[in-house]
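Each chain gets a letter, A, B and so on, in the order the sequences are listed, and its residues count up from 1.
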Amino acid sequence: MDHFPLSWGRPRNDAVDLYSTYPVNERQRHGPKNDAFTDGVQHTQQPIVTGTSVLAIKYKDGIMMAADCLASYGSLARFKDISRLHSVGQYTLIGAGGDMSDFQYLQHLLDDLMIEEYTSEDGHKLGPDEIYHYLSQVMYARRSKMNPLWNSLLVGGFKDGKSFVGYVDLLGTTYTASTLATGYGAYIAQPLLRRAVEGRETTMTEEEARAIIQECMKVLFYRDARSLNKFQIATVTERGVQIGDAISSETEWSFAEKIRGYGSQTQ
Amino acid sequence: MALAQPLYADQHRPIQHQFNPYAENGGTILAIAGKDFSVIAGDTRQTEGYSIQTRYAPKVFKLTDRAVLAVNGFQADCSTFVKKVKQRIEWYRHAHSKQMPLKAIARMIQGMLYGKRFFPYYTYNILGGIEEDGTGAVYSFDPVGSYEREACRAAGAASSLIQPFLDNQIYFKNQTPAPGAAPFEPGNLPMDTVLSIVIDSFTSATERHIEVGDGLEMFVVVAPGRDVAGVQSLGAEELPALTPEGERIFVLRRDLKKD
């Protein structure tokens, strides 16, 4: 008698497990080696074309977000004019690091959602909070299917006089804080942002906010090998979402000449 | 017949790097039951690895007028789980025109956790509140639903630091009563003693564990008719209740070190 229901009705292999005494999970599979159906489904196992850090802060008039324009292919700087900031309706902005094709899928998903909301004509408009929760549910549902959308996302917005910034990633992990940074920015920019912003969320001017964001993007360009000195700064305020043109920072590399292994020394 | 090879299937397949659907987001939770009250507490730091993601992410949630749930572990699972528990509790209230009793919530939580036995919620749950007989209670759970009612429990990143302290202070382990004195009885301490044990536990855990700190939230659930002057004098905020004469819930907030 085979006591394991899972192996009932299957051909027994007397050469290996004569008396069917091995637990099911240790037993050799009979029949075809590969299951054509499970092997046919490819899930995202790793990101391919990737974006690096995104930064976001709260300030007096709303929120500010920044991301550079690079989409890398491994260590190759593959696409250098990509926008990783995307507006959703008139109150919300999202910024993405991680896999760019997954991000484009999310852009389509959100665009479709906003069209559906618009056509329903129910007098309601989705704000940053709703978009944030929607995204977190999508991300968590996909991780639970073991088929994640490989991104770290920042959601920012301003609606009814309230600023909002939030983080969502491929696991469905979420949090909010007055300063946020994804990827390398979490290590390099986040301490600078916290020092500049914490406690000043309601007093910091747009000029000050822009200055600290630019400083952080410059530091990231110096230190993050997957970054590009061409980035966009976007704001969401009472006036709606404004995604700026690509800009760059003034950099200074003369110090590199004196560092062995950095410049053109031969030994 | 002799087995020449181990039975593990297909050794010729390439090893695939598998996506890990879980993370560990630090923080610690703790609950202590008194005779006619219950204290449920958690810090507010959320981490991943060595990074602090945010200094304010609540881990303790009011479920009903007499039940409070603390969750810890993988943040995405925690918030999903709390959302589903709250939804089931609301459905219960609509179906039965009363709030779900604490022991019923405890059994429901075990069912919901065990329901995902083969893809578990990576969450450690501690449920605290007032039982139908008016006693303070704490229920603690493991991620797959094993649960028991206890006088106290710590869970999460610093549980190994706090639980031995509670064993000593709440269960009186390694203590002996003075000659002629009454034997110790766990779960009988006054509220101010319990609150100072909670605060001390978290300040100490903050000193010694990098994933604990920033802020402390203590929910105090009080049995109907009990004197609340003590907790009010500490600056507690009272949460709105559905039934005016029933149990009351207060929230006490304290800062913890941010380094």
Exercise. Residues two or more places apart in sequence or in another chain: which of them pass side chain to side chain donor-acceptor pair (under 3.5 Å) with Lys58(A)?
Worked result: none

Exercise. Can you check whether Phe158(A) and Phe164(A) have ring centres sitting under 6.0 Å from each other?
Worked result: no

Exercise. Under a 4.5 Å heavy-atom cut-off, does chain B meet the side chain of Ser178(A), its backbone, both or neither?
Worked result: neither

Problem set entry | chain A contact via Ala57(B) - side chain, backbone, both or neither, heavy atoms under 4.5 Å | neither

Exercise. Checking heavy atoms, do the side chain of Gln53(B), its backbone, both or neither come under 4.5 Å from chain A?
Worked result: both

For this session: Give, as side chain, backbone, both or neither, the part of Phe74(B) having an atom under 4.5 angstrom from any heavy atom of chain A.
Result: side chain

Problem set entry | Which atoms of Asn20(B) approach chain A - backbone, side chain, both or neither, heavy atom under 4.5 Å | backbone

For this session: Output, in order, the C-alpha distance, side-chain angles, deciding distance and verdict of side-chain contact (heavy atoms from CB on, under 4.5 Å) for Leu252(B) and Val231(B).
Result: CA-CA 8 Å; Leu252(B) 267 169; Val231(B) 63; 4.3 Å; yes

For this session: Answer with side chain, backbone, both or neither: which region of Lys116(B) has an atom nearer than 4.5 Å to a non-hydrogen atom of chain A?
Result: neither

Exercise. In this structure, are over 12 heavy atoms from other groups packed under 6.0 Å from Tyr147(B) atom OH?
Worked result: yes

Exercise. Do Asp169(A) and Arg143(A) meet the salt-bridge criterion of a basic N to acidic O distance under 4.0 Å?
Worked result: no

